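Structure first, then comments.
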Protein chains: 2
Amino acid sequence: MKKATDFFFDALANKNRFNILMHLRNKEICAGELQKNLGIGQTNLSHDLKCLLNCGFIIMRKDGRKRVYKINTETKGLVDEVAKHVKIYERYLKKCGILKEEKNGRI
Amino acid sequence: MKKATDFFFDALANKNRFNILMHLRNKEICAGELQKNLGIGQTNLSHDLKCLLNCGFIIMRKDGRKRVYKINTETKGLVDEVAKHVKIYERYLKKCGILKEEKNGRI
DNA sequence: TTTATATATGATAAAAATATCATATAATCA
DNA sequence: TGATTATATGATATTTTTATCATATATAAA
């Protein structure tokens, strides 16, 4: 049985979803615009936004036929914290040797 | 090409690896003891410890034929922060509906 | 009230991560 | 030195995650 921490990382440790959060750090954006900015396919984006929404990381309001998304305060704090840590450990992470260098690639 | 953030989550968002960090939050432990406490297989544990070590999240010292591991300060801060956030969002995460409820299971 | 735009849904294919297996090394002790 | 304990390594099987496809719905405008 999965625990809250498992769900937390399932939600956050996804490239597309984390990118969405990064983009929402300082402004509200509608789905279509996110799609253009991030280059995520429409279907994936929709699934990912719903996930983030259901998890409570972002909030949504309708504006005509668009849906406008905004990050919530605590999540913004966490995303900033993660970004900070990534910067600190960047050089180690990139030469870990256990984590795969490329998607689908050899170490 | 993977970026630092991708490696960061590859390293941290792994159940075993995050559990190891949780266990190392307040004390040093050797590999064998971690194995007993966490119920991870020897091989996996070894791979995971090496990963965390290479990423700079933990440090190691040899003690006879044992290897004793300790979390570093910044990582401890991050792990605590994550634990805090998991607590805040727990109820939402568990009923996301997009994230799978069980490994290998239906939503 | 038909058409267009914006986004959602669910099934499955494709890709990636994790666990397991067999074996290797390193340190200590008899 | 040979045996034992503690841990590491690399290849591959297994499982899980992510992307894609086909289609649906919701809102607005013509």
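All values below come from the heavy atoms of this structure, side chains included, with hydrogens, waters and symmetry mates left out. All of these numbers come straight from a predicted model, not from anything done at the bench. Proteins get letters first, then strands, A, B, ... in listed order; numbering begins at 1 in each.
Each of A/Gly64 and A/His47 lies near DNA chain D, and the nucleotide nearest A/His47 is the one positioned closer to the 5' end.
C/dA6 atom C1' lies 12 Å from atom CG of A/Leu49, rounded to whole Å. Between the CZ atom of A/Phe9 and the C1' atom of D/dT16 there is a distance of 17 Å, given to the nearest Å. Going from atom CG of B/Asn54 over to atom C1' of D/dA8 covers 12 Å, rounded to whole Å. In this structure, B/Asn44 places its CG atom 11 Å from C1' of C/dA17, rounding to the nearest Å. Counting to the nearest Å, the P atom of D/dT16 and the CZ atom of A/Phe7 are 13 Å from each other. The CG-C1' distance, from A/Asn16 to D/dA19, rounds to 9 Å in whole Å. Atom P of nucleotide C/dA16 and atom NZ of B/Lys100 are separated by 16 Å, given to the nearest angstrom. Here D/dT18 presents its P atom at 12 Å from CD1 of A/Ile40, a figure rounded to the nearest Å.
Residue A/Arg17 places no side-chain atom within donor-acceptor reach of the base of D/dT18, judged by atom type and a 3.5 Å distance cut-off alone.
The side chain of A/Lys62 lies closest to D/dT27 when the candidates are D/dT27, D/dT9, D/dT7. Set against D/dT17, C/dT9, C/dT20, the side chain of B/Thr43 has C/dT20 as its closest nucleotide. Listed candidates were C/dT7, C/dA19, D/dT17. Nearest to the side chain of A/Gln42 is C/dT7. Comparing C/dT9, D/dT7, C/dA6 against the side chain of B/Arg67 picks out D/dT7 as the nearest.
Here the side chain of B/Arg17 pairs a donor or acceptor atom with the backbone of B/Asp10 at under 3.5 angstrom.
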